[in-house]
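First comes the structure, then the notes that go with it.
Note that the coordinates shown come from a computational prediction; the quantities given were computed from them, not determined experimentally.
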Amino acid sequence: MKNVVRVRTSFFLLFCGLNILPVSLCRCASPVDLQPQELSVKLKVGYAVRAVDVDADGKLDIAIVDSRRVLWLKNPTWSEHVIYSTPDAKFDNVCFAPHDINGDGRVDFALGADWQFGNSDSGGTIGWLEHTDDGPWTYHPIATEPTTHRMNWMDTGGRPQLIVAPLKGRGSRPPGFDQVGIRLLAFEPGANPAEGAWNRRLLTDALHVMHNFDVTDIDDDGRLDLVTASYEGATWVKLDDSGGVTLRQLGSGQEEPAPKRGASEIRHGRLAGGRSYLATVEPWHGDKIVVYVAPDTWQTNSALWSRSVIDDQLAWGHAVACANLDDDADQELIIGVRDDQNQQYRRGLRIYDPVDAGNGQWKRQIVDPGAVAIEDLTVADLDGDGDTDIIAVGRATHNAKIYWNRLIK
C-alpha cells in the first residue's frame with residue numbers, strides 16, 4: 001500500500017479475531033479505519049440509497065427509498081426532507097435512479113414501486129418524481145411491469161435510458177420462478193417526459209430471476225454495458241450502436257436447482273493493473289460471497305471467469321459495492337449482510353481486500369457487526385476529504401449509518 005492507514009484498536013482486534021474464512025486469509029494487516037455515525041432518520045425498510053447532490057450546493061446528500069416514502073438527508077447536518085409519501089399505499093416503493101430527467105438542471109428520481117414479491121402477474125409501477133422547489137415532488141407514471149425490482153440510468157451515445165429489471169418473469173410460479181424469463185427493459189424519455197409517452201424497448205427476456213445488475217464499461221471500449229446477476233450467473237449484456245444486444249455468460253453462478261441457483265447481487269471491480277473482477281452474492285438470496293476474476297484473454301475466448309467463494313459465514317448478503325478504500329492499487333469489495341447467521345457471524349458491513357485474487361485469497365474485515373441489517377449500501381466521498389465513505393440502510397434495524405473513512409494521506 002502507498003499510504004499508512006490508522007488502525008483503531010477495536011476494529012483491529014475484531015478483524016483478526018473473526019477472520020477465519022474457508023480460504024486462509026488471516027493476515028492481520030491494517031484494516032480500513034471506518035468510523036460509524038448513526039443518522040437520526042427512522043426507516044421502515046431502507047430499500048435503496050444513493051449519494052447525490054439534491055439541492056445543487058456542491059455537496060453530496062443522501063437519498064433513500066423507504067417503503068412508503070422517498071426522502072433525502074442534507075449534507076452535512078443530515079436533516080430529513082421527505083419529497084414523496086404514500087402512507088396509504090398497499091405495497092412498497094423498492095428502487096430508484098437519480099437523473100435530470102426533464103433537463104431543467106435539477107436532479108429528478110425515477111422510481112419503482114408497488115413492490116409485490118409474490119405477484120408476477122400484475123402490479124409493479126415505473127414512474128418518475130419531478131423536482132419541485134417547495135413541497136412534495138410531482139409523480140409522473142411511465143409504465144407497469146410486475147415485480148419491478150432494480151433500475152439504473154445508462155448513457156448510450158448521449159441518449160440516457162432508464163434500464164429496468166423485474167425480479168421474476170411475468171407469470172412465473174414457485175418454487176423456482178424459472179418458467180419464464182424476465183423482461184429487461186430500456187425506457188427513453190421524449191422531449192417532454194412529463195406528458196409524452198416514453199420509448200420502450202425490450203433488451204432481452206432470456207434471463208431468469210434477475211436480482212440486480214450493474215452499468216459499467218467492462219470491456220474498456222468506451223461504451224457502457226450491463227452485467228447482470230440472475231439464475232444464469234453473471235452475464236454480460238452488450239449493447240451495440242445499432243441497438244443490438246448480445247449476451248455472454250461470464251460467471252457460472254451456483255449450479256444447483258432453482259431457487260438455490262445463480263447469483264443475486266453483482267458489481268464490477270478493478271484489481272491492480274486494471275484487471276476486472278465481478279463480485280456476487282450467491283445463490284439467489286444467497287449465503288456466499290463470490291468473486292470472478294477475468295482471465296488475460298477473456299475478450300477473445302468464451303471461457304468462464306474463475307470462480308472463488310471467499311466467504312460462506314453469513315445468512316443473507318444483500319448489497320455489493322467495489323471501491324478503493326485504502327488508496328492502494330486495488331478496489332476493495334464491500335458487502336452488506338442483511339441477516340444474522342448466528343451470534344458470531346452477524347448482519348452488518350464487511351470489507352474484503354485482495355491478497356491474491358487470482359487464487360481466491362482476500363482478507364476480510366468485519367465492521368460494526370449487528371448494527372445495520374443492510375438492505376442496500378452505496379459509496380461516495382461525502383466530506384470532500386479525498387477518500388471513499390460508505391452509507392448503509394437497514395431493513396430489520398430500520399436505520400441508516402455513515403461509515404466515515406479516516407484514511408491518512
Distance col, row Ile334:CD1 vs Arg267:CZ, nearest 0.5 angstrom, shows 11.0 Å
What I want to find out is whether Glu80 reaches Arg69 closely enough, with some N-O distance under 4.0 Å, to be called a salt bridge.
yes
Side chains of Leu226 and Ile163, heavy atoms from C-beta outward: is any pair under 4.5 Å?
yes
Distance-minimising heavy-atom pair for Ile182 and Pro166:
CG2-O, 3.8 Å
Trace of the salt bridge (charged side-chain N to carboxylate O under 4.0 Å, His left out) decision for Arg270 with Asp220:
CA-CA 12 Å; Arg270 298 280 186 180; Asp220 299 313; 2.5 Å; yes
Ignoring hydrogens and geometry, is there a side-chain-to-backbone donor-acceptor pair from Asp217 to Asp221 under 3.5 Å?
yes
Got a donor-acceptor contact below 3.5 angstrom from the Asp381 side chain to the Gly386 backbone?
yes
Atom pair CG/CG of Asn102 and Asp108 - distance to nearest 0.5 Å
4.5 Å
Given side-chain hydrogen bond (donor to acceptor under 3.5 Å, both in side chains), test Arg364 with Gln313 step by step and report yes or no.
CA-CA 11 Å; Arg364 182 183 67 188; Gln313 296 164 352; 3.1 Å; yes
Mutual orientation of the aromatic rings belonging to His149 and Trp115 [parallel < 30°, tilted 30-60°, perpendicular > 60°]:
tilted
Checking Asp66 side chain against Val45 main chain: does a donor-acceptor pair fall under 3.5 Å?
yes
Are Phe109 and Trp137 close enough that their ring centres sit under 6.0 Å apart?
yes
From CA spacing to verdict: side-chain hydrogen bond (donor to acceptor under 3.5 Å, both in side chains), Gln365, Asp353:
CA-CA 8 Å; Gln365 176 182 352; Asp353 200 353; over 6 Å; no
Considering only heavy atoms from C-beta outward, does the side chain of Tyr84 approach that of Pro136 to under 4.5 Å?
no
Ile266 versus Ala234, closest heavy-atom pair with distance
CD1-CB, 3.7 Å
Check Asn152, Leu185, Ile126 against Leu162 for a side-chain contact (heavy atoms from CB on, under 4.5 Å) and give me the one that passes.
Ile126
Are Arg106 and Asp55 ion-paired here, with the side-chain N under 4.0 Å from a carboxylate O?
no
To the nearest 0.5 Å, tell me how far Lys44 NZ sits from Asn93 CG.
11.0 Å
Under a 3.5 Å cutoff, is there a donor and acceptor pairing between the side chains of Glu282 and Ser264?
no
Polar contact flag, side-chain donor to acceptor under 3.5 angstrom, Tyr403-Asp368
yes
Can you confirm whether Lys238 is buried at NZ, in the sense that more than 12 heavy atoms of other residues, nucleotides or ligands lie under 6.0 Å from that atom?
yes
Are Trp128 and Phe96 side-chain neighbours, meaning at least one heavy-atom pair lies under 4.5 Å?
no
Side-chain H-bond candidate by donor/acceptor type, Thr216 with Asp214, under 3.5 Å
no
May I ask you to test the Tyr277-Trp305 pair for a side-chain heavy-atom distance under 4.5 Å?
no
side-chain contact (heavy atoms from CB on, under 4.5 Å) partner of Leu377, chosen from Val320, Val372, Leu349, Val393:
Leu349
I'd like to know if Asp57 and Lys59 make a salt bridge, using a cut-off of under 4.0 Å between side-chain N and carboxylate O.
no
Do Thr156 and Gln161 come close enough that some side-chain heavy atom pair is under 4.5 Å?
yes
Inter-residue atom distance His81.NE2 - Asp61.CG, 0.5 Å rounding:
8.0 Å
Taking it one step at a time, do Asp121 and Arg173 satisfy salt bridge (charged side-chain N to carboxylate O under 4.0 Å, His left out)?
CA-CA 10 Å; Asp121 299 316; Arg173 294 291 183 265; 2.9 Å; yes
Has the side chain of Asp339 got a donor or acceptor atom that lies under 3.5 Å from a matching backbone atom of Ala315?
no
Phe187 and Asn199, any side-chain heavy atoms less than 4.5 Å apart
no
Let me see the working for Glu188 and Arg200 under salt bridge (charged side-chain N to carboxylate O under 4.0 Å, His left out), right down to the final yes or no.
CA-CA 7 Å; Glu188 187 174 336; Arg200 172 175 176 162; over 6 Å; no
Does Arg248 make a cation-pi contact with Trp236 (under 6.0 Å, within 45 degrees of the axis)?
no
Looking at CZ of Phe177 and OG1 of Thr147, how far apart are the two atoms once the value is rounded to the nearest 0.5 Å?
9.5 Å
Any luck finding a side-chain donor-acceptor pair between Lys288 and Gln254 under 3.5 Å?
yes
Looking at side-chain heavy atoms only, is the closest gap between His208 and Ser230 below 4.5 Å?
no
Between Glu38 and Asn399, do the side chains contain an N or O donor and an N or O acceptor separated by less than 3.5 Å?
yes
Are side-chain N/O atoms of Gln331 and Asn324 paired as donor and acceptor at under 3.5 Å?
no
Between the side chains of Asp311 and Tyr352, is a donor N or O closer than 3.5 angstrom to an acceptor N or O?
yes
Does the side chain of Leu167 reach to within under 4.5 Å of the side chain of Trp284, using non-hydrogen atoms?
yes
Distance in Å, Ile62 CD1 paired with Leu39 CG, rounded so as to fall on 0.5 Å steps:
5.5 Å
